[in-house]
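Single-structure report; data block below.
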Number of protein chains: 2
Amino acid sequence: MPYRRTPAIQARIDAQRTGVLHAATELLRERGYAGCSITAVAAKAGVATGTVYRHFPSKTELVVELFRAVVGREVAAVAEASRAHDGLVARVIAVTETFASRALKSPRLAYALLAEPVDPAVEAERLVFRRTFRDLLAGPIAEGVGLGVLPPQDPRLTAAALVGAVAEALVGPLAEGDAAPDAVPELVNFTLRALGVPESSGGIDADA
Amino acid sequence: MPYRRTPAIQARIDAQRTGVLHAATELLRERGYAGCSITAVAAKAGVATGTVYRHFPSKTELVVELFRAVVGREVAAVAEASRAHDGLVARVIAVTETFASRALKSPRLAYALLAEPVDPAVEAERLVFRRTFRDLLAGPIAEGVGLGVLPPQDPRLTAAALVGAVAEALVGPLAEGDAAPDAVPELVNFTLRALGVPESSGGIDADA
DNA sequence: GTCTATAGTTCGATAGAC
DNA sequence: GTCTATCGAACTATAGAC
């Protein structure tokens, strides 16, 4: 009788795969991609090095899936923060603030996701996710322009520029382990100015 | 008598090295890093593939040097444009405008320099050059804040954010070969808003 | 799953400079 | 005659097609 993969076995395999990804996530948080050698990931997951290759055909595939999973959580958190606000400007601010403060809370991880030199396949994923963040911002900005809350501008261009701005502004502090205590409010102010929000519009949720 | 490399031979070797880099630059302009296979570079330079390895120990070293040389020219052009203006705001605008319009004139090259997924060693160089551009902007911004021409802000953070903003805003149009005819003025407007330049300050070179 | 195409790299042979 | 710069085929690995 041929070997058959029972549900119980399958579950154990899946759990092991999850465990490997989880171990990789911790290493990414602690030491970035530099710490994610297959050996280190396997050791942290409590499996043999070769076992990793039973779940992932190559290190490239592993790090790409790792990147997608971790950044996916950031996208979810940011999208959630956006949804939690009503005003158009408030949404953009919430995105900036959430993104930046989460990054500064996990500096090594954020640096790995944003800027650490790594396999070109991960680079390609970075481009994809930057577009995702851009699209998250472009909607509210377009509405704001339509309603006259914001001055005339190309919403997609402004959205892309803001994504690049926030990401790049964080790279410096993240790389140097700098304290940068004011970075988040500074970035929010930058964002408000860049959008062209009138100075008077003080309070969050103040607009349409 | 031992073989000695005469000046004539050395000159020929140097010329050949330059020729290889020149060929690589053309290929980068035409088809990005994707077009820069060693075989293609060698063919374009009119040398054998193996000869490339007499000048560069590996493809990585070749593309890193290529990147440095090409981006170095962009830095020079942008720095020159900055120097050509007197006003602090005018300098920042000149940097943005020069950078963006040059990029849009050589879209494939600009995409390769800014965003194309490539060897991590080139990624590391990208980080270095982004800092260079940031420092180019941070000076005038700091002066502008000091003089009260610009509202209070962290000059280095604003500078980094602008570098990221311009780069990221260009990636979309560059990747899609989009016309994006208004991209440059739009980016200039974004920059003016982000700096916090009062609406009234119309003309270039109008400030201190 | 094998086969093909193409990538980066290596190396023995050749031709020309010393 | 010796040494070396150059060549281009061969080697190894990998990705995609059938």
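Order of the sequence lines fixes the chain letters, A, B, ..., with proteins taken first and strands second; residue numbering starts at 1 for each chain.
Rounded to whole angstrom, the span from the CD1 atom of B:Ile13 across to the P atom of D:dC7 amounts to 12 Å. Look at CZ on B:Arg12: it is 11 Å from C1' on C:dA15, rounded to the nearest Å. When rounded to the nearest whole Å, the span between CZ of B:Arg54 and C1' of D:dT6 equals 7 Å. Taking atom CD1 of B:Ile9 as the reference point, atom C1' of C:dA15 lies 12 Å away to the nearest angstrom.
B:Glu168 pairs with exactly one of A:Arg126, A:Arg130, A:Arg131, A:Arg156 by the salt bridge (charged side-chain N to carboxylate O under 4.0 Å, His left out) rule, that one being A:Arg130. Evaluated for a side-chain contact (heavy atoms from CB on, under 4.5 Å) with B:Val122, the options B:Leu66, B:Leu113, B:Val63, B:Thr60 yield exactly one hit, B:Val63.
Salt-bridge formation is not detected for the pair A:Arg68/A:Glu65: no Lys NZ or Arg NE/NH1/NH2 atom is positioned less than 4.0 Å from an Asp or Glu carboxylate oxygen.
Judged by distance alone, with hydrogens and angles left aside, the side-chain atoms of B:Arg29 form no donor-acceptor pair with the main-chain N or O of B:Leu109 at under 3.5 Å. Between the side chain of B:Thr51 and the backbone N or O of B:Val47, no donor-acceptor pair lies under 3.5 Å. Judged by distance alone, the side chain of B:Glu116 and the main-chain N or O of B:Ala34 form a donor-acceptor pair under 3.5 Å. With hydrogens and angles ignored, the 3.5 Å screen pairs no side-chain donor or acceptor of A:Glu97 with any backbone N or O of A:Val184.
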Could you pull out the protein-nucleic contacts involving nucleotides 8-12 of chain D (nitrogen or oxygen on both sides, under 3.5 Å)?
none

Any N/O pairs under 3.5 Å between the protein and nucleotides 5-8 of chain C? List them or say none.
residue	atom	partner	partner atom	Å
C:dG8	OP1	B:Lys59	NZ	2.2
C:dG8	OP2	B:Ile38	N	3.1

Which atoms of nucleotides 14-17 of chain D (N or O only) lie under 3.5 Å from a protein N or O atom, and what are those distances?
none

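Distances shown here put every side-chain N or O of B:Gln16 at or beyond 4.0 Å from the OP1 or OP2 atom of D:dA5. A sub-4.0 Å separation between OP1 or OP2 of D:dA5 and a side-chain N or O of B:Arg5 is present.
Against DNA chain C, the stretch residues 17-25 of chain B makes no heavy-atom approach under 4.0 Å.
Legend: residues meeting side chain to side chain contact (heavy atoms under 4.5 Å, CB included) with B:Arg102, ordered by chain and number and at least two apart, are B:Glu74, B:Ala77, B:Thr98.
The shortest heavy-atom contact between A:Ala81 and A:Ala94 is O-CB, 3.7 Å.
Taking the six-membered ring where the residue is Trp, the centroids of A:Phe67 and A:Phe129 are separated by under 6.0 Å.
Between B:Gln153 and A:Arg193, the side chains place a donor N or O and an acceptor N or O closer than 3.5 Å (distance only, hydrogens not considered).
Within the 4.5 Å cutoff, the side chain of A:Leu88 has no heavy atoms near those of the A:Ile141 side chain.
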May I have the list of side-chain donor-acceptor pairs in residues 132-140 of chain B shorter than 3.5 Å, sequence neighbours left out?
residue	atom	partner	partner atom	Å
B:Thr132	OG1	B:Val128	O	3.2

